[in-house]
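Beneath this line is the structure, given in structure tokens, with notes to follow.
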Amino acid sequence: MKKIKQCLLVTFDFTQRGKSATSFTAGVLISACKQNKYYNEKFTIDHLSIEMYKNKEENISVVDLVNNINEQYILEDLHGLAIACYVWNSDMIEPFIEECREKGFKGNIILGGYQIQDSTCEILYPGGDIYISSYGEEALPQAFMYEKVLDKLILSKEVDFNLLDSPYLNGSIPLDENQPMIHWETQRGCYYSCSFCAHRDVINNKIYNFPLETIKNELCLFKEKNVQRINVLDPIFRKGSRSYEILEYAIEIGLQAQLVFQVRFEDINDRLLNLFSKLNTHLEFGLQTAIKEESVIINRRNNITKISSAIDMLQYKKMSFEVSLIYGLPTQTLDSFYQSIKFLQDRGVSGIKAFPLMLLEGTQLSEDREKYGIKEGYIDDSGLAHVIESNYFTHKEWIKMSQLANKLKYQERSECLS
């Protein structure tokens, strides 16, 4: 009788106050593994969350991390070691793999996450054995069951989202009574293809909806547990019959939790706003830029007329909302960034946030960096590279953009305290 393969999923998570100890990503993957027909017959999975900090120097060293893992699980006994690869832990991956090997791990190193793209994964992380370049619900269980691979393998498996169990309903992500905050999704993927974003399904370019019955059962559970805040991870919560039905059901059951949605201005209409206004809702709009030429470059194509109209509607309804901008975009200048801020301020928007541009693996903007003369650098203690210069703005001008962004933060804090 073959021995059951013992496998470990390691995620690197920023702890948020009130969030479940099991991150949403980990919970989804654990749920899918436990749903696999070979779970407990051919493989088992355990999960270890590594706490990350905004200041890179506060993060645990790779040596201490691997020693801790070896004490808890004995690396020699593990068959599969799956590691979530994101921009915030990218520089730890190769040293982590090397240290695990030195401590006796002989199984497959399985790498997944937004950093894993077909064209660059083996270059970025040569120590990997199996690379999951798509959604992991089907691929991860399969990867765990592989014998030791001799040649590197890029694994991509279609997922039938209609058949997936809910990680909340099956307890893969435990909920406490009065849970302060959770992450949740009603769909996977994005309708748009912004050149800076890694949210969409870059392989199949599809949107995958979770069954409405599952969503309604989850909402009932959230109400029963008296969850305080639900951060909806859908990149765009779009108008339409499905979105309306979700909101109408939340109203029907008397959901009290604050629902935080990411929405696009162009999708706002009276019916959607009427439903939002009957719930405890906060809306997040990723405008990114109010300059038409810049929006075309990043494949965002904002409709300024509709945006202005939507802002009027939101303010008339007294909706809670915020708008985010990006600075460091291609063709953007210090003056055009200021004009984007002024566009919102002139329309009475007070909740404005601005974030520095990052080039993410697999995005069009990352591939086009030379075209726009984009240069990256380190701007804080996070150890993450951001765009700090291009053919259109100097580093000194970027610093002034950053100062404008910080001024927006200060203004928002002052308003919150007043």
Side-chain angles (χ1 to χ4, degrees), residues 7-14 23-30 32-33 45 47-50 52 62 65 78-101 105 107-146 148-159 161 185 188-190 193-206 208 233 235 358-367 369 376 383-385:
C7 304
L8 178 66
L9 168 65
V10 180
T11 58
F12 296 76
D13 306 309
F14 287 98
S23 68
F24 184 78
T25 298
V28 165
L29 293 173
I30 292 167
C33 284
I45 181 176
H47 168 237
L48 180 65
S49 174
I50 308 304
M52 300 290 285
V62 168
L65 170 56
L78 291 176
H79 173 80
L81 183 58
I83 308 168
C85 302
Y86 297 100
V87 65
W88 58 81
N89 72 323
S90 185
D91 61 347
M92 298 176 67
I93 301 301
E94 277 301 303
F96 178 67
I97 293 172
E98 292 173 10
E99 192 67 23
C100 286
R101 295 291 189 198
F105 178 74
N108 291 321
I109 295 289
I110 304 161
L111 304 179
Y114 285 134
Q115 287 288 99
I116 303 303
Q117 305 291 330
D118 287 1
S119 59
T120 60
C121 58
E122 293 184 42
I123 298 170
L124 276 177
Y125 312 114
D129 297 307
I130 301 174
Y131 304 86
I132 298 176
S133 60
S134 61
Y135 300 133
E137 283 91 341
E138 289 290 337
L140 185 59
Q142 181 174 329
F144 280 152
M145 288 186 282
Y146 273 104
K148 183 66 176 78
V149 297
L150 300 179
D151 297 313
K152 295 183 184 299
L153 174 66
I154 297 178
L155 197 59
S156 177
K157 298 284 289 183
E158 284 275 351
V159 179
F161 288 87
E185 59 182 353
R188 186 79 60 81
C190 186
S193 54
C194 303
S195 64
F196 57 86
C197 183
H199 259 300
R200 67 191 183 94
D201 177 2
V202 293
I203 296 176
N204 300 305
N205 200 28
K206 292 181 180 178
Y208 306 92
L233 297 178
M358 294 180 66
L359 300 182
L360 303 177
E361 283 297 319
T363 61
Q364 186 61 49
L365 205 51
S366 179
E367 296 179 11
R369 66 182 73 202
E376 296 173 281
L384 303 179

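All values derive from a computational prediction rather than experimental measurement. The first residue of the sequence shown is numbered 1, and numbering continues consecutively from there.
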Verify whether one side chain among T120 and E361 offers a donor that lies under 3.5 Å from an acceptor in the other.
yes

Main-chain N/O of F12 paired to W88 side chain as donor or acceptor, under 3.5 Å
yes

Just by distance, do the side chain of Q115 and the backbone of G112 share a donor-acceptor pair under 3.5 Å?
no

Less than 4.5 Å apart, side chain to side chain, heavy atoms only: is that true for L111 and I132?
no

Output yes when a side-chain donor or acceptor of N108 lies under 3.5 Å from a complementary backbone atom of V149, and no otherwise.
yes

If we only count heavy atoms from C-beta on, is the I154 to C121 side-chain gap below 4.5 Å?
yes

Is the NZ or CZ atom of R188 both under 6.0 Å from the centre of the six-membered ring of Y135 and within 45° of that ring's axis?
yes

Going by the rule salt bridge (charged side-chain N to carboxylate O under 4.0 Å, His left out), which residues pair with E138 if we only count those two or more places apart in sequence or in a different chain?
none

Go through the structure and list residues passing side chain to side chain donor-acceptor pair (under 3.5 Å) with T11, not counting sequence neighbours.
D13, H47

Suppose we screen for ring-ring contact (aromatic ring centres under 6.0 Å, His included). Which residues come up paired with Y125, at least two apart in sequence or across chains?
none

Salt bridge or not for R369 and E376, using N-O below 4.0 Å?
yes

Among T25, L29, L48, I83, find the one that has a side-chain contact (heavy atoms from CB on, under 4.5 Å) with L9.
L29

Walk me through it: do C33 and L140 pass the test side-chain contact (heavy atoms from CB on, under 4.5 Å)?
CA-CA 7 Å; C33 284; L140 185 59; 4.0 Å; yes

Which atoms form the tightest heavy-atom contact between F144 and H79, and what is the distance?
O-CD2, 3.3 Å

Flag side-chain contact, heavy atom, 4.5 Å: M92 against M52:
yes

Quickly, which of S193, C194, S195 forms a side-chain contact (heavy atoms from CB on, under 4.5 Å) with Q364? Name it, please.
S195

Do NZ/NE/NH1/NH2 and the carboxylate oxygens of D129 and R101 come within less than 4.0 Å?
yes

How about I130 and I109: do any of their side-chain heavy atoms sit closer than 4.5 Å?
no

Indicate yes or no: at least one non-hydrogen side-chain atom of L153 is less than 4.5 angstrom from one of Y146.
yes

